[in-house]
Amino acid sequence: MREARGRAFASTGVGGLDEILGGGYMRGHLTLLAGNPGSGKTTMASQFLYNGAKEGEPGIYMNFVEPKSDFYKNMEKLGMEFEKLEDEGLFEYIEAPSFVDAESLAGMVADTMGDITRMSARRFVIDSISAITGMLTKPETRSMIHTGLLRPLKSMGVTTVLVAELPYGGTVVGHGIEEFLVDDVIILETKEEKGLLKRTFRIPKSRGVEVRYYAYEFVIAKGGVHVMKPLDPRFRGKLEKEKASTGVEGLDKLLYGGIRYNSNVLVVGPEGIGKSMLLMTLACTFSRRGETVVYVSLEESKDQIMSLIQEICGGSEITNINVFATPPNAFTVGQWLYQTREANERIKPGLVLIDGVAALEKHFGEGAFITLMRDFTLLTKGSYQILVLSAIPRVYDALSTLADVIIRMWYDDDRRKVRVIKTRGSNCDIEEHEFDITDKGIRVKLD
Ligand SMILES: Nc1ncnc2c1ncn2[C@@H]1O[C@H](COP(=O)(O)OP(=O)(O)OP(=O)(O)O)[C@@H](O)[C@H]1O
Ligand SMILES: [Mg+2]
């Protein structure tokens with residue numbers, strides 16, 4: 001447990017942020033965490049102390065705003081239970097008075113430095129320094145931060161997060177000098193996008209670390225702040241040898257046995273051709289074999305998908321197919337990604353089906369669409385599962401290079417035709433074949 005202390009970085013406790021910062025907050029650094037009202041400052045600062053304490057590193061939270069009981073209650077809802085850590089001597093909450101004069105403030109800060117030494121705290125948060133600096137002149141603020149905080153904290157090697165308030169639309173934190181004094185600056189913002197609340201942060205200053213993206217979207221959910229950044233494309237995984245039968249009569253023959261695990265499959269064809277039917281047939285096959293399935297529908301309701309699946313599966317009770325109806329207009333890109341990733345991690349399905357992905361392109365635009373799809377294919381690569389996307393031909397070009405397997409469906413006069421176009425890492429029958437939609441799902445006719 002204690003070996004965490006030896007590392008050069010203190011984990012931020014925020015999913016995705018450590019990688020952005022090259023490992024976490026650098027030990028002994030002072031980070032200014034500034035943000036709009038309700039943007040997630042307290043949540044993010046708490047994750048830092050919570051996760052530190054869980055690794056055996058004591059931390060102190062000095063809060064000028066929230067009473068201790070409110071803080072504990074709010075954090076518990078997000079899954080952070082500070083009470084236990086406090087009992088173990090790994091966490092201390094200082095309820096600071098919301099109004100103090102400059103002199104008693106200096107005394108309070110000095111006392112807190114004593115507390116840090118007493119409990120050998122490695123992590124420290126002040127929420128917020130705006131409460132302090134609001135009572136001080138600019139030179140007093142400089143001296144308070146520099147001499148009162150920065151110097152002693154650095155000499156003790158304590159990693160510190162200073163929360164600061166930033167009004168909506170505001171661009172300057174406090175006296176405008178705070179950002180110069182600290183080592184790193186993270187700004188949290190909330191804005192409106194298509195009627196939805198979108199949360200982003202940026203890192204305009206990070207001493208000793210290169211930060212690549214200008215802004216990152218994040219969500220607040222169980223566990224606190226989660227950064228929704230694209231997965232690193234260098235993380236690829238590989239196709240597994242084992243093939244899964246599709247259970248679709250005739251199709252396994254075209255696929256020379258089935259689909260290799262860790263593949264992503266694109267089913268492309270015009271409206272009404274039977275793409276969803278194919279996906280539902282696959283859902284039943286995997287479900288019958290005892291594998292868990294996630295079915296994400298972008299256009300149809302959950303009830304409709306469930307009842308169609310019931311029919312195809314033959315009425316037996318289905319417990320391992322999880323259907324999510326996630327119309328993209330109800331989410332920002334990050335929120336959509338979060339809930340789909342979260343479901344994937346929680347359920348760990350063997351088969352993920354995303355039906356009607358063109359709706360994502362239509363709503364989020366081509367750039368975000370490609371990022372989302374790339375993310376999903378990368379996610380699948382490492383997790384011994386199969387991902388199947390269905391799409392209309394309009395978005396074919398954006399998806400065809402990502403796909404390991406492409407199944408094309410089209411109308412030929414009044415007949416339905418299917419063809420396997422590519423199967424990475426395996427051979428296939430590339431002849432076109434006719435297929436039928438039956439009440440048991442898709443059936444491919446072989447000559
Ligand atoms: N359990 C929860 N699940 C999802 N979101 C939550 C939950 N609890 C709080 N939130 C969201 O988090 C936001 C508040 O986060 P937080 O208190 O960290 O913000 P803050 O920047 O510290 O706010 P303030 O400016 O008031 O200090 C809320 O506005 C709410 O939208
Ligand atoms: Mg707060």
Side-chain angles (χ1 to χ4, degrees), residues 12-17 25 31-52 59-83 91 93-99 123-134 160-174 178-179 184-193 195-203 215-228 326 330-332 334-343 345-346:
T12 63
V14 175
L17 183 57
Y25 299 125
T31 299
L32 186 73
L33 183 59
N36 297 146
S39 58
K41 304 180 293 294
T42 300
T43 307
M44 201 153 154
S46 306
Q47 280 168 271
F48 166 59
L49 294 189
Y50 185 74
N51 288 281
I60 295 183
Y61 202 115
M62 188 180 194
N63 199 325
F64 286 85
V65 191
E66 280 171 273
K68 184 172 168 176
S69 57
D70 285 6
F71 175 85
Y72 276 37
K73 237 183 277 157
N74 293 341
M75 291 308 136
E76 202 180 320
K77 279 198 206 126
L78 290 166
M80 290 182 264
E81 289 175 29
F82 278 105
E83 221 148 353
F91 180 73
Y93 190 89
I94 301 174
E95 209 174 276
S98 57
F99 184 82
R123 299 175 178 220
F124 179 48
V125 170
I126 299 182
D127 187 354
S128 71
I129 55 155
S130 308
I132 302 179
T133 57
T160 306
V161 171
L162 303 177
V163 172
E165 286 154 21
L166 191 64
Y168 294 118
T171 49
V172 182
V173 176
E178 289 83 339
E179 288 156 279
D184 313 303
V185 178
I186 302 180
I187 313 260
L188 308 184
E189 283 162 318
T190 47
K191 30 186 165 215
E192 185 268 353
E193 192 180 272
L196 300 163
L197 180 90
K198 183 173 177 178
R199 301 179 189 278
T200 54
F201 71 82
R202 54 199 163 85
I203 306 175
Y216 295 87
E217 187 177 350
F218 68 95
V219 298
I220 299 179
K222 201 89 197 153
V225 166
H226 302 263
V227 183
M228 291 296 108
T326 59
F331 304 95
T332 65
Q335 290 162 358
W336 194 88
L337 186 59
Y338 174 76
Q339 51 144 15
T340 322
R341 263 192 204 175
E342 191 276 329
E345 273 159 37
R346 180 164 40 85

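Because the structure is predicted, anything quoted here is derived from the model rather than measured. As the structure lists them, so they are numbered: ligands from 1, and atoms in each ligand from 1.
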With no hydrogens and no angle check, is any side-chain donor or acceptor of S130 less than 3.5 Å from a backbone partner on E165?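 Present.
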For [X], counting its heavy atoms only, list the atoms of ligand 1 lying under 4.0 Å from any of them.
{"X": "G40", "answer": "15 (O), 16 (P), 18 (O), 19 (O), 20 (P), 21 (O)"}
{"X": "K41", "answer": "18 (O), 19 (O), 20 (P), 21 (O), 22 (O), 23 (O), 24 (P), 25 (O), 27 (O)"}
{"X": "N36", "answer": "21 (O)"}
{"X": "S39", "answer": "19 (O), 20 (P), 21 (O)"}
{"X": "T43", "answer": "15 (O), 16 (P), 18 (O)"}

For atom 31 (O) of ligand 1, what's the nearest protein heavy atom and its distance? R199 NH2, 2.8 Å
N, O or S atom of S128 closer to the Mg ion (ligand 2) than 2.8 Å: no
Check whether any heavy atom of L78 sits under 4.0 Å from an atom of ligand 1. yes
Check contact between M75 and ligand 1, using heavy atoms of the residue and a distance below 4.0 angstrom.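 The answer is no: ligand 1 sits nowhere under 4.0 Å from a heavy atom of M75.
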So is there a nitrogen or oxygen of G38 less than 3.5 Å from a nitrogen or oxygen in ligand 1?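 Indeed, backbone or side chain, G38 has an N or O that close.
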Would you say M228 and T332 make side-chain contact, with heavy atoms under 4.5 Å? no
Might you check, step by step, whether the distance between atom 4 (C) of ligand 1 and some protein heavy atom is under 4.0 Å?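 Yes.
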